[in-house]
Amino acid sequence: MRKTVMICCLLLSVAGCLAQPGWVKNASKSVFTLKTFSADGSLIASSNGFFTGASGEAVSNFTPFKGATRAVIIDFQGKELPVVSILGANDMYDVVKFRVKGKTQPMSISASTASEGSNVWLLPYHEVKNVMKGVVRKAEKFHQNYDYYTVAITMPENSVSCPLLNDAGEVIGMMQQPASVKDTLNYAVGASFADSLKISGFSMNDATLKLTQIKKELPDDITEATLALYLANSQADSITYATMVNDFLEKFPNAADGYSYRAQLLAGNGDFAAAQQDMEQAIKLAEKKEEAHFSYAHLIYNKEIYQSAQPYSNWSLDKALTEVREAIGINSQPTYRQLEAAILFAQQKYDESYNIYHELTDSELRSAEIFYAAARCKEMLKDTTAMLALMDSTMNTFSKPYLKEAAPYLWARAQAKLNTGKYRDAITDMNEYENLMKATIDDNFYYVRHQAEIKGRLYQQALNDINRAVQMNPQEILYYAEKASLEVRVGMYDQAMQTAQECIQIDSNNSDGYLFLGLAQCLKGQKAEGIANLQKARDLGDAQAEGLIEKYK
């Protein structure tokens, strides 16, 4: 009897082995376990996945990557491989494609849809004996070209993101998280969809990719990769951006843009010699030499303007001018001419600079910026009439009611009018500026406008503004002194005495409070008290006090 039982068990075992497809052993080499970690090194989650390419390309579910700064996979041999970059992700279908370091054995992805009623096989990580057989109940299309499967199968525990294969050993899908471990119907997203995920030039703004801190790989298309670098320059942190630039150079060693971007980084760090080498290489490789010469000119100009304290003998404004004129000689563009004008302005060649800006007012660059730059040239040439006219032209590029983009130019025109004695006109511009920027205006604005209003003899408005300045910054001694001075000027002696006393309360060692308190008291007829306070102001070093003491003594 025992012998018979043993023979039956043996036959069942053989039958079980024969039931396994022949491709299982080889396919299992493509399945792995995934582990993700947070910045402090703690484990976030474990999952599964499989290789789709021979150069480390792999897919899994995206959920474990959220908040992760590091990830590894453990292959069929127990070898740990680091995840080096994200190649694409889709949060809706919980899918991610990434790359690990090293050569890998990929699965063959089916090019056709598995038909309803066909047999399929779920291949868990490192569990060859437990390959699960199922049946396709439904195959639906999404995103036009990809399949989403409903499968009659009970998923083993911890088999999310394991591959689902057809009888030929081709992977058709990736298992998704079941609602319950006892479910007899489960779902798989098409493997071709997972493998199709990729990074685009706009990935810096991709909300899904922002959920993980693991490095994103640059797009394979150079145009897309260049766009990604351009966006990262203004949006990414310095370390991420520097890494992207180096990745770009490694991926596209013959692309001029990579050397230009790296040169900017090097120059920003003060390594001008290395930046020069990169720019010379960029010019050598560039298909459009004028663009490379322009970039080089811009780099040198920025260094000379913003990093002038760090000398580099090979670079100067003359060198920048030479480079931009090289670009203009190849292909004269308004943008190149604008940089030429800026360089000439920095060289104090205001006439030459103005002539270029004047030309550009009739070009595609006609804008407030160009008119304002021309006005600055005339200001430096002491041509006040032309300067103010160009300031008006600057504002004429905007239409009323003004938007916030007009605010800087309104303020600049107000300052120009103030400096040329057109006080009430300046105040009009300041009022417009206040309407645009009310939410961000500080006490200094009201102090400056108060001074303009005094010069324009608008004393009540000046009092209102200095009061606003005091309210916004009640510890600023200067504002109390200016307020007391104005109150004395308009005969508000009692108010002036009160303001001066507030000034003294804030800082009893400041002479202004005693000066204006003493002056107001003298004008009010309280000469003894007034002279005593003027003497305190004199003792604290106020030069005006002595003359006032003599006057009222």
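Note that this is a predicted model, so its numbers are computed, not measured. Just the heavy atoms: all of them, side chains too, but no hydrogens, waters or symmetry mates, feed the values below.
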Compute whether any side-chain donor of one residue and acceptor of the other, for Q277 and Y259, lie under 3.5 angstrom apart. no

Would you call the rings of F272 and Y312 parallel, tilted or perpendicular if under 30° counts as parallel and over 60° as perpendicular? tilted

In D91, T212, T36, the residue satisfying side chain to side chain donor-acceptor pair (under 3.5 Å) with K66 is D91

Go through the side-chain N and O atoms of N331 and E291 and say whether any donor and acceptor fall under 3.5 Å apart. no

Check the orientation of F51 and F32. Use parallel for under 30°, tilted for 30 to 60°, and perpendicular for over 60°. tilted

Would R262 and D278 count as a salt bridge (Lys or Arg N to Asp or Glu O under 4.0 Å) here? Give the steps. CA-CA 7 Å; R262 188 168 69 180; D278 271 356; 2.7 Å; yes

Indicate whether the side chain of D206 and that of S203 have a donor and an acceptor atom separated by less than 3.5 Å. no

Before accepting this row, confirm whether a basic side-chain N of the pair K284/E280 lies closer than 4.0 Å to the acidic partner's carboxylate O. no

Give a yes-or-no answer on whether the side chains of N473 and Y479 include a donor-acceptor pair shorter than 3.5 Å. no

Could you list the residues that satisfy ring-ring contact (aromatic ring centres under 6.0 Å, His included) with F398, not counting sequence neighbours? Y409

Take a 6.0 Å sphere around CD of Q544 and say whether it holds more than 12 heavy atoms from other residues, nucleotides or ligands. no

Do the side-chain N and O atoms of S38 and D40 include a donor-acceptor pair separated by under 3.5 angstrom? yes

With I466 as reference, evaluate Q461, K483, Q451 under the side-chain contact (heavy atoms from CB on, under 4.5 Å) test and give the passing residue. K483

Looking just at side-chain N and O atoms, do E369 and Q338 make a donor-acceptor pair shorter than 3.5 Å? yes

